Q: 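Starting off with a structure, shown below.
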Amino acid sequence: MNWERLKSLIIKEFIQLMRDRITLEIVMFMPLAQLLIFGFAINTDIKHLRTVIFDQSRTQESREMINSLSSSNYFDVVEFAASMKEVNERVEEGAAKVGIIFPPDYAGKIKGGRQTSVQVIVDATDNLSASSALAAAQTIGLLKSQEILAAKFARLGVKVPGQAIDMRIRLWYNPDFITSWYIVPGIMGLLLTITLIPMMAMAIVRENEQGTLEQLLVTPMRIEELLLSKIIPYIVVGYVQVFISIFVGIFVFDMPFLGSMPLFYALTFFYVVASLALGIMISCFAQNQTQAIQMSVFIILPCVLLSGFVFPLEAIPTGFRYLGECFPITYYISLTRQIILKGGGMEYVWKETLALAAYIAIMFTAAVQMFRRRFVP
């Protein structure tokens, strides 16, 4: 490999990249915009669900239960219905996500020491909201039952028995369930996928369309030198995006960075190069820039859904989990969360690092062969 020749090619690629100011500005500011949008907008702890209540009891006991539901912040009472039909209509038309019906004998059964029931209707078209409403309603009902039993035992002068099993739960790494802490490491990997793969693919296809690639190929340079010269400028772009993402995560969302920052940036190199190698592979199949974009989008969607960014890997069926492992983002998201949120060192992320290194070796070697077969006369 001729280093002087490679240096000249890299300088040429940087000049060509800097000339496309609009694309460069989009790539630089996209991490900031995307992180702010996703960080503030996405929240898996769904609260303030619009709730309609049909209180047939109209007693102090039912009002206390309604106050408990409202004060939890999970249920916002928007209307008190006059009939069961009205509750159904509000849920059906989308004016309310939850409908709660108290029976006429609600207070009487509680005072008589009998079990009573409260019907909760949940619009499950949005399963995140439905799950949140279900868990909140069950928890509030359980706590209220314990409170009623404790008051009854106290009136009888009986000591309230303790629980047979005391589950002492300790939440590590994100005890307050702050969604942005979970989202930001995944967004970094997703942003690099969204930008680097199509940019790398289009850079090669564009040169082929313009005829400059053919001019380069008749020079004494080697294929490896050409591809390295194209990869290196985008490695710099990738690191700028990662730096912006980390800066926003720490100073805007108060995300902790518990691990080694030098280790994180060093291992990010493997993911950036793996993504660029995938972009080169796409360019070997695309006939024009439009096809390059379409192929990139086709890859981005499974990267989002099967990488653990949106859904936990444990919830993905085995076959699709194996498919997700074909993309480098799956390993990078696991790696970033381990280092950033858990403070893990190399002993905890060596498997992901090894997988990314193997991915680079296989993909780059295959890309060189495909590039030579496609573009070299």
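We're numbering straight along the sequence, starting at 1. Quick caveat, the model's predicted, so the values are computed rather than measured.
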Q: Is there a donor-acceptor pair under 3.5 Å between the side chain of Ser62 and the backbone N or O of Thr59?
A: yes
Q: Does Trp172 sit in a hydrophobic cluster with other residues, and if so which ones, taking ILVMFWY side chains as linked at heavy-atom separations under 4.5 Å, directly or through other members?
A: Tyr173
Q: For the pair Arg206 (side chain) and Gln289 (backbone), establish whether a donor and an acceptor sit closer than 3.5 Å, ignoring hydrogens and angles.
A: no
Q: Go through the steps for Val77 and Ile100 under the test side-chain contact (heavy atoms from CB on, under 4.5 Å), then give the verdict.
A: CA-CA 10 Å; Val77 180; Ile100 300 177; over 6 Å; no
Q: Judged by atom type as modelled, is there a donor-acceptor pair below 3.5 Å linking the side chain of Ser71 to the main-chain atoms of Ser68?
A: yes
Q: Do Met295 and Ile299 make a side-chain contact, defined as non-hydrogen atoms from C-beta onward lying under 4.5 Å apart?
A: no
Q: Hey, is the main chain of Gln115 close enough, under 3.5 Å, to the side chain of Ser117 for a donor-acceptor pair?
A: no
Q: Test side-chain contact (heavy atoms from CB on, under 4.5 Å) on Val87 and Ile101 and set out the steps.
A: CA-CA 8 Å; Val87 173; Ile101 301 95; 4.1 Å; yes
Q: When clusters are formed by joining ILVMFWY residues with side-chain heavy atoms under 4.5 Å apart, either directly or through shared neighbours, do Tyr234 and Phe327 land in the same one?
A: yes
Q: Check whether any side-chain N or O of Thr139 sits under 3.5 Å from a backbone N or O of Ala136 as a donor-acceptor pair, and report yes or no.
A: no
Q: Kindly give the heavy-atom pair with the smallest separation between Ala130 and Ala124, and that separation in Å.
A: CB-CA, 3.7 Å
Q: Counting only heavy atoms from other residues, nucleotides and ligands, does the tally under 6.0 Å from CZ of Phe253 exceed 12?
A: yes
Q: With a 4.5 Å heavy-atom cut-off, do Tyr74 and Ser132 have their side chains touching?
A: yes
Q: Atom CZ of residue position Phe257 - does it have more than 12 heavy atoms of other residues, nucleotides or ligands inside 6.0 Å?
A: yes
Q: Which pairs count as side chain to side chain donor-acceptor pair (under 3.5 Å) when at least one residue sits in residues 79-94, sequence neighbours excluded?
A: Glu79-Arg90
Q: Under the side chain to side chain donor-acceptor pair (under 3.5 Å) rule, what pairs show up with a residue in residues 255-272, not counting sequence neighbours?
A: Thr193-Tyr271, Thr268-Tyr332
Q: Holding to salt bridge (Lys or Arg N to Asp or Glu O under 4.0 Å), I want the full list of residues that pass it with Glu347, two or more places apart in sequence or in another chain.
A: none
Q: Show your working on side-chain contact (heavy atoms from CB on, under 4.5 Å) between Ser245 and Ile187 and close with a plain yes or no.
A: CA-CA 8 Å; Ser245 301; Ile187 284 290; 5.6 Å; no
Q: My understanding is that a hydrophobic cluster links ILVMFWY residues whose side chain heavy atoms are under 4.5 Å apart, including indirect links. Using that, what else belongs to the cluster containing Val297?
A: Met202, Ile293
Q: Is the shortest heavy-atom distance from the side chain of Leu341 to the side chain of Asn174 under 4.5 Å?
A: no
Q: Are Phe298 and Met370 connected, step by step, through hydrophobic side chains (Ile, Leu, Val, Met, Phe, Trp, Tyr) whose heavy atoms are closer than 4.5 Å?
A: no
Q: Out of curiosity, does Met200 fall in the hydrophobic cluster containing Val272 (side-chain heavy atoms, cut-off under 4.5 Å, transitive links)?
A: yes
Q: Go through the steps to decide whether Tyr331 and Tyr359 satisfy the test ring pair (Phe, Tyr, Trp, His ring centres under 6.0 Å), and finish with yes or no.
A: CA-CA 10 Å; Tyr331 306 101; Tyr359 192 94; 7.7 Å; no
Q: Do Leu69 and Thr51 have side-chain heavy atoms sitting under 4.5 Å apart?
A: no
Q: Could you give me the CA-CA distance, side-chain angles and deciding distance for Leu267 and Leu335, then say whether side-chain contact (heavy atoms from CB on, under 4.5 Å) is met?
A: CA-CA 9 Å; Leu267 299 185; Leu335 182 150; 3.9 Å; yes
Q: Atom OG in Ser275, atom CD1 in Ile329: separation rounded to 0.5 Å?
A: 7.5 Å
Q: How far apart are the closest heavy atoms of Met188 and Phe264, and which atoms are they?
A: CE-CZ, 3.8 Å
Q: Which pairs with one or both residues in residues 77-117 pass ring pair (Phe, Tyr, Trp, His ring centres under 6.0 Å), sequence neighbours excluded?
A: Phe102-Tyr106
